[in-house]
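This report refers to the structure that appears directly beneath it.
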Number of protein chains: 2
Amino acid sequence: MKQNGSDNKLISGRLETAGVIPTAQRIAIYRYLLCEANHPTAEEIKTWADKNFPKLSLATVYNTLNVLIEANLLKEVKVPHEAKILYDSNISYHHHFLDEDSGELVDIPSELVEVTSTLAKEFQVHDIQVLMRGKRQKTRTQH
Amino acid sequence: MKQNGSDNKLISGRLETAGVIPTAQRIAIYRYLLCEANHPTAEEIKTWADKNFPKLSLATVYNTLNVLIEANLLKEVKVPHEAKILYDSNISYHHHFLDEDSGELVDIPSELVEVTSTLAKEFQVHDIQVLMRGKRQKTRTQH
DNA sequence: TTTTAATAATAGAATAATTCTAAAATTAGA
DNA sequence: TCTAATTTTAGAATTATTCTATTATTAAAA
Ligand SMILES: [Mn+2]
Ligand SMILES: [Mn+2]
Ligand SMILES: [Zn+2]
Ligand SMILES: [Zn+2]
């Protein structure tokens, strides 16, 4: 999952399809979001870039994130415990589990969660976001 | 719902029960949250205070909000479209509907929403937050 | 190829929300 | 009252993000 080479054409293609000019910086950031990171902050992306893509500026991190959001390739997530915005490269409909111990945000496929609501009909719901909070049981090793 | 007088002993009592010294500023802010406002921002509280409680400082708004949160009399809510934190005086378990037109956040009693999840058993869920987004149908006047 | 125009990247300044600091005011108990 | 603890306050500091103005890169036109 850390190999840079072969992914790049694919990622470049996705950017073009979405109407985004695939610059080196955008490809690098989008690949990091898709292949390496899990709901990172802008700061985490910058830290990664400092190691892997020298000279990439913080302004470009934010510019790129906003371009990707505008192109519907990325979504923002705001979580209770964290002041910073998290960026989510999973744009399919899904929910989240927030691990209270580690702070990690885990994707939950929408198929695993069923939401039934009986609101007054004046409420026309277009989207439902479920955030589950809790702890992850340390998996006991089978012997 | 705008009358100041009679609520105050009750509110003062609630603060004391929660271990919070009921100062005039705290009573005023907490009453505004309970009786007048709907998920206000700190800025909205300050604007209200400027009209109704002269000399109350912005620092006191934030201090008081954080004291109330610490005392479990208030909860923070972060919504997608808004950079500022919203403060929720409804501390019972409930969900939210975000009106995409007005930006208004509406409380949804938990009884109206059923969430069923089939996560792997390693996920121990302690809390579920549901945010529904959509539009509110203008109620057609009956004649 | 050059030339040109459009777009993107960059450093650093600016903004906006919230927190911190240090001093003055208030409160509650001795 | 006196005292100690707590709260309020103004303004400075911090933090995340956006903006600005300049330079660099890209893509299209000549
Ligand atoms: Mn992260
Ligand atoms: Mn509000
Ligand atoms: Zn996600
Ligand atoms: Zn609420």
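Throughout, a chain's letter reflects where its sequence line sits, starting with A, and its residues are numbered from 1.
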Ion pair present between B:E44 and B:K84, side-chain N to carboxylate O less than 4.0 angstrom?
no
* Asked: Would A:K138 and B:E122 pass as an ion pair if we require N to O under 4.0 Å?
  -> no
Check: Mind checking whether B:V77 and B:V113 sit in one hydrophobic cluster, side chains of I, L, V, M, F, W, Y counted as touching below 4.5 Å?
Finding: no
Can you tell whether the side chains of B:K78 and A:E82 come within less than 4.0 Å, N to carboxylate O? no
Separation of C:dT18 atom P from B:L68 atom CG, nearest Å, is 15 Å
A:L65 CG to C:dA8 C1', in whole Å, measures 15 Å
*Ring centres of B:H95 and B:F97 under 6.0 Å apart?*
no
Each nucleotide of nucleotides 7-25 of chain D classed B (base within 4.0 Å of a protein heavy atom), S (only sugar-phosphate) or -, in 5' to 3' order, makes SBBB-----SBBB------
